[in-house]
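Note that the coordinates shown come from a computational prediction; the quantities given were computed from them, not determined experimentally.
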Amino acid sequence: MSSVAVPFYQRRHKHFDQSYRNIQTRYILEEYAARKAASRRAAYYELPGLGKTTCRLCARRARSLAHEAIQESRKRTHEQSTHASEEKRIRFANELSVLEKEIHTARHRAREHLDRLEVQRMVEEKMALERHALEESISRAPEILVRLRSHTVWEKMSVSLCFTVQGFPTPVVQWYKNEELISPASDPTKYRIESKYGVHVLHINRADFDDSATYSAVATNVHGQASTNCAVVVRRYREGEEPHPAGIMPFHLPLSYDICFTHIDVQFLEKFGVTFATEGETLTLKCSMLITPDLKRLQPRAEWYRDDVLIKDSKWTKLYFGEGQAALSFTHLNKDDEGLYTLRMVTRGGVSEYSAYLFVRDADALIAGAPGAPMDVKCHDANRDYVIVTWKPPNTINESPVIGYFVDKCEVGLENWVQCNDAPVKICKYPVTGLYEGRSYIFRVRAVNSAGISRPSRVSEPVAALDPVDLERTQTVHVDEGRKIVISKDDLEGDIQIPGPPTNVHASEISKTYVVLSWDPPVPRGREPLTYFIEKSMVGSGSWQRVNAQVAVKSPRYAVFDLAEGKPYVFRVLSANKHGISDPSEITVPIQPEDTIVAPSTPGQVVATRNTKTSVVVQWDKPKHEEDLYGYYIDYSVVGSNHWEPSNHKPIKYNRFVVHGLETGQQYIFRVKAVNAVGFSENSQESEAITVQAALTCPSYPHGITLLNCDGHSMTLGWKAPRYSGGSPILGYYMDKREANHQNWHEVNSSLITQTIYTVEDLTEDAFYEFKVAAANLVGIGQPSDPSEHFKCKAWTMPEPGPAYDLTICEVRNTSLVLLWKAPVYEGKSPITGYLVDYKEVDTEDWITANEKPTPKRYFKVTNLQEGHSYVFKVHAVNDGGIGKSSEISEPVLVEARPGTKEIFSGVDDEGNIYLAFECKEATDASHFAWGKSYEEIDDFDKFKIETEGSCSKLYFKNPDKSDLGTYSISVSDTDGVSSSFVMDDEGKVFITIPLKSELAYEVLEKGQVRFWIQAESLSPDSTFRFVINDKEVENSDRHKINCDHSNGIIEMVMDQFTIDNEGTYTVQIQDGKAKNQSSLVLIGDAFKAVLAESQLQQKEFLRKQGPHFSEFLYWKVSEECEVLLICKLSRKDEGVYKATLSDDRGHDVSTLELSGKGKSASPLKILCTDEGITLQCFLKYYNEEMKINWSHRESKISSSEKMKIGGGENVAWLQIREPTEKDKGNYTIEIFGNKESYKRTLDLSGQGIFRKPYYYDRGKVIGGLPDVVTIMDGKTLNLTCTVFGNPDPEVTWFKNDKVFELNEHYAFSLEQGKYASLTIKGVTSEDSGKYSIHVKNKYGGEKVDVTISVYRHGEKMPEIKPGQLAKPSPIPPSEEVLQP
């Protein structure tokens, strides 16, 4: 019902009863009724019962009553009239008040409307002025950002031309073909034009040869115009031409005529990728697919092609198709199998196909340095006793060039291979003669170079020694009723006795070493079998010489060898049968043996362009003379290595190739050479260096669109960035929306959204919407995401928080990963207190909560996952209202560490600055290294400095302190989730420490001195240190000689007098810039007593040897003659005459012995290779430690050290060189000084092959840092750290009691920078006691170090401490492949 008041002029038209229509009539009726009542009362008083006379009093009373009645009636009538008038007045006043109010309201509304119109007019005028000013400021002529690119395509392929333009007003774009306007309406099936977000595209569908033209695009607005053009070349397939480059474009494969008779949809699921294999291996290429409908009796047909050639079942290949899988198996791979493989699924509805390249490298040569095997052996022009064999040469890069080939033949069914040529043939073609008519043969070829002979090639297809002309001499005539008559020319020519001469004698092939003659048999030839004789004559000689006097030739062609080079010859042929010999044929024209085919010229400029993260497209200009080319070989090399590797192992015929198997982020150069039957061309010029990265493309699609908040009129949405940016930074995003059940999408934003969160305004309450997002970069706009689910636009009022968003999974390792997320936009009615993380395995139902208590952080490390299993994850936010909405479920994640996973490592630069570093070779130009602390991106550049160069990024600490402890992380965008973290805490490896090669250790020198030493990885010249003994610093003095070798990082202190007062704790404190470290050694109790005893013993021995002394003390032995001999050994200083006197009561006897150096000599220096390095030995008649011996290298005296150790033994003096390098080459000299004479021997180590066993030096090693015995109290944390080395990097394995143990929270293992290995045992217990071993091994061998750990309980007596010595490594032998010659 309407609430609007009815106007007064409408209220007057009410309908009353007829009696009340006139108010005056109502008054008259009332008066009449009153009078009538009064007369009735008067009549009552004049009743007949009272008589005719009454008293005056009664009459007066009656009149008085009647008068009062009349007066009362009049009064009542007047009152009623007055009341009616008052009501009328009041009603009129009310109606007037309502009218005034309505007039006031109408005036107010009219005023508001006029004001609104005035304000709107003013706003429109102001907006028009501002719009005009803005347009004037932003108006500009069209500017093309990304220009058109030229394309070369094959017929029936589609091509898209696109460019990007900006300008204001929005430019109008027109397309032209050879300056003629393109109108899509004229041919809608050929052209389609798209314009979106400034990107304009012209699609040309199924291009044909007439579409080759110059295409132009012109963008125009009021300020000007801009244009760009490109060329489109449509190539037409011709016979003998490669239709498509391998790996770049799909082959135009011939369609089969036998098509299945129903429409079947084929979708490939698992595909075979680019494959690398080796000759001799077996291999299967598989491709699984989904076939719809899957009808057993109507299946598509699977066809396999290699380089456009249909593959059939054979000895080498086996085909299989069934149960939704197609497979191609190779029983024995050869380089012949290399090429582009295409699987085509043929149905009536069309063809589905997939292609990938197979590379087959050479097998290891039987002889070191021998070339690879030839390939593609084929037979041509077979006849009764003759066939031409051709092949393709192998690529030789690291081997010496091929000098020739041997051709072998074998009869089919036998295994007896016979070599056809005595001397190697230099070209890839050879005529084989001497075949037996009617037999079948197979052939193979071997290449020869200066090192030896290669493996044999794959055998050719069998060929029969038959004359194809024989088939033409038989004719079949068909007559009625299926009968036929066979007519042979032999029957028709039966009367011929002596055959005629051959005709058309000519040279079908000429080379430097032979000439192949061909001729036509005589006509008629007769019934008898023919043989031929060939005669040659040098031009000008006048004499003829029969070539095949000993061999009968049955074929009408023959290869003539043994011709003089550079001399012309003429030839003639005679035919013969049992009846006689014909006359000679006509003499040929002079023929000079020479190579008609020369080596190809060098290919032109080589250009390499980016393709994928592991491949590069290489293009080159064809050589000037490309006739008779077999193809091209492409080589690549890492920049600076000067080591070339082959890209393809079989020649390719086209001048564009995709080189696969390259390392991401590495720089390469390329070169090309052409090959034909004669050999190779010169290598082309090297290409420009190129870094292997993915080519610039549009970004991939965003995903994970999530509703984060809604207030009834707007929605806040979040999404995940694309996995790949396309090689260029993402500039922003475009969003589209549509209501449920609507078909058309509408743009949400006209300008780019720079974040992955956006609020969409002006939505209808309670309506359902869906959204999609597309990312844009410099190249263009990528594919949009899948439409989101339908979101209802209804305000959120629940007390629980909304969903977390942007779930990111990083640091995926074998049993753990880290989950990151962002806080919900909608917090609920109370602040968020934490988060719960749930996960489950794929294809299971039950979710597992990873954390019992909500974590307040926005990251969580999920552990104890099963390696090789796939998981999904989700996160709930929690507040006082309860558990909030779940985040989007993550995509499945395979828990498995990627090969080559690298971790963050710490270090100190030369200036003493501490840094964390991370290297990622998969990084591209668009990659961003994001450093974070507690997984929050670092933006405090007052404390940190980030430097990124190429594929390496470093985080520097400007003023490190305790506040810098925590978890540091890094993630690299535009990669496959490359990330890592580094924990800095007090219990683990502290980041501000200087890395040590070995802890503080001691050794007792020969004079009884005790040397304490420690070695750091490196020390800058500004580093400082100090020695502390029993909490008291000692300085450099005569008693404590302290020295530091900054280049080697060695700090040492030598104590000349080691006494009982030196018992205690020894500590070295080092500071290098902002980094520090210290190491302590405890010498108390039995440990100190052992060191003191050894020092005193060495001191005593040194003093004893200063004078005449026994090298060996007196001992006895019994000889074979039962004589008892007392023996002692004297020193060199004891030369002289010795006299022994024996006397008793009976008399005395004297025995005299002269001990002199007569006959002493020294042998030449000899070399002995050991596991540790090289030992130079000089054998002497005798040797003792007092002999003065000097060693020198390049005339510089050598002092005994860890690198070069000097010593001797019985009758030998030696110099041991540990881990020799190129610097250790040169002349070595030993000088031996006696009392009267000296000896000098010299040896030159340069170029004698002493480094031919690199596994002695490159094997895995434990350089130092591990003690032999460790004693620790239970409950403590034990860290065993050592430095390992090897080339290549060794594998490090820890053992407990000779058994490999699994790493868990109790045991932690780490390997930093490939050389710092550590084992951490948290909270050691008595069960942890035992023998722990570390095995460091690579293919060259390794070392094993054992450490005994003893754990005692708190309160127990500390076990006896033995002297702390470094554990001695035990060698591990190299692998068998290294030991093989």
Side-chain angles (χ1 to χ4, degrees), residues 1-10 96-143 145 164-173 195-200 219-226 708-717 731-739 742 744-755 757-769 771 773-774 776 791 793-797 825-826:
M1 183 175 64
S2 177
S3 60
V4 180
V6 179
F8 73 97
Y9 53 83
Q10 292 183 358
L96 182 62
S97 175
V98 171
L99 177 61
E100 290 177 351
K101 185 176 181 181
E102 290 176 350
I103 292 173
H104 179 73
T105 302
R107 286 179 178 176
H108 180 70
R109 290 179 177 176
R111 187 179 297 109
E112 286 183 345
H113 182 65
L114 292 174
D115 292 341
R116 190 180 301 110
L117 291 176
E118 182 65 15
V119 171
Q120 183 176 357
R121 184 184 62 80
M122 293 174 62
V123 170
E124 289 178 351
E125 290 178 355
K126 188 173 182 180
M127 289 180 62
L129 291 174
E130 292 180 353
R131 185 183 304 109
H132 180 71
L134 180 62
E135 290 178 355
E136 287 294 325
S137 63
I138 67 174
S139 296
R140 59 179 180 270
E143 180 183 1
L145 302 180
T164 303
V165 65
Q166 66 178 8
F168 192 89
T170 302
V172 177
V173 175
S195 298
K196 193 173 184 181
Y197 308 123
V199 179
H200 303 270
T220 308
N221 64 8
V222 295
H223 299 288
Q225 70 178 16
L708 304 178
N709 193 11
C710 181
D711 60 6
H713 301 286
S714 65
M715 291 182 180
T716 301
L717 302 171
L731 303 178
Y733 302 89
Y734 289 103
M735 179 182 290
D736 295 339
K737 70 175 181 180
R738 71 178 178 186
E739 288 193 49
H742 286 210
N744 296 327
W745 290 90
H746 303 281
E747 296 179 1
V748 172
N749 57 304
S750 57
S751 59
L752 286 168
I753 303 170
T754 58
Q755 304 293 327
I757 185 171
Y758 188 72
T759 300
V760 184
E761 305 285 353
D762 301 328
L763 301 179
T764 304
E765 190 172 5
D766 293 334
F768 286 88
Y769 292 89
F771 304 87
V773 182
F791 298 131
C793 186
K794 184 176 181 180
W796 285 7
T797 58
V825 175
Y826 178 79

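- Note that CD of Glu102 is 10.0 Å distant from OG of Ser97, once rounded to the nearest 0.5 Å.
- A donor-acceptor pair under 3.5 Å links the side-chain atoms of Asn749 to the main chain of Tyr733, judged by distance alone.
- Taking both residues in full, the closest heavy atoms of Pro171 and Ala219 are given as CB-CB, 3.9 Å, listed atom of the first, atom of the second, then distance.
- His108 and Glu112 share a donor-acceptor pair across their side chains, judged by distance under 3.5 Å alone.
- Shortest non-hydrogen contact noted between Glu739 and Ala767 is OE1-CB, 4.0 Å.
- For the side-chain contact (heavy atoms from CB on, under 4.5 Å) criterion with Cys793, the lone passing option out of Val760, Leu763, Asp711, Asp766 is Leu763.
- Inter-residue side-chain proximity for Val773 and Ile753 is flagged as unmet; no heavy-atom pair is nearer than 4.5 Å.
- Closest non-hydrogen pair, Val825 versus Ile757, comes out as CG2-CD1, 3.7 Å.
- For Glu118, the CD atom is densely surrounded, since the number of other residues' heavy atoms within 6.0 Å is greater than 12.
- To the nearest 0.5 Å, the span separating NE2 on His713 from CD on Glu765 amounts to 5.5 Å.
- Using a distance-only test at 3.5 Å, with no hydrogens or angles considered, no donor-acceptor pair links the side chain of Asn709 to the main chain of Thr716.
- Scanning all heavy atoms of the two residues, the minimum distance from Asp736 to Glu747 falls at OD1-CA, 3.5 Å.
- Between the NZ atom in Lys737 and the CZ atom in Phe771 there is a gap of 7.0 Å [rounded to 0.5 Å].
- To the nearest 0.5 Å, atoms CH2 (Trp796) and CE (Met715) are separated by 9.5 Å.
- Atoms CD and CD, from Gln166 and Glu143 in turn, are 5.0 Å apart once rounded to the nearest 0.5 Å.
- Closest heavy-atom contact between Tyr758 and Val748: CE2-CG1, 3.6 Å.
- Rounding to the nearest 0.5 Å gives a distance of 8.0 Å between NE2 of His200 and OG1 of Thr164.
- For CZ of Arg121, the number of neighbouring non-hydrogen atoms (other residues, nucleotides, ligands) closer than 6.0 Å is greater than 12.
- The number of heavy-atom neighbours closer than 6.0 Å to CG of Asp762, taken from other residues, nucleotides and ligands shown, is 12 or below.
- For the pair Phe791 and Leu717, the minimum side-chain heavy-atom distance is below 4.5 Å.
- Nearest heavy-atom pair, Gly224 versus Pro142, reported as atom, atom and distance to 0.1 Å: O-CD, 3.4 Å.
- Residues Tyr734 and Leu752 are in side-chain contact: their nearest non-hydrogen atoms beyond the backbone lie under 4.5 Å apart.
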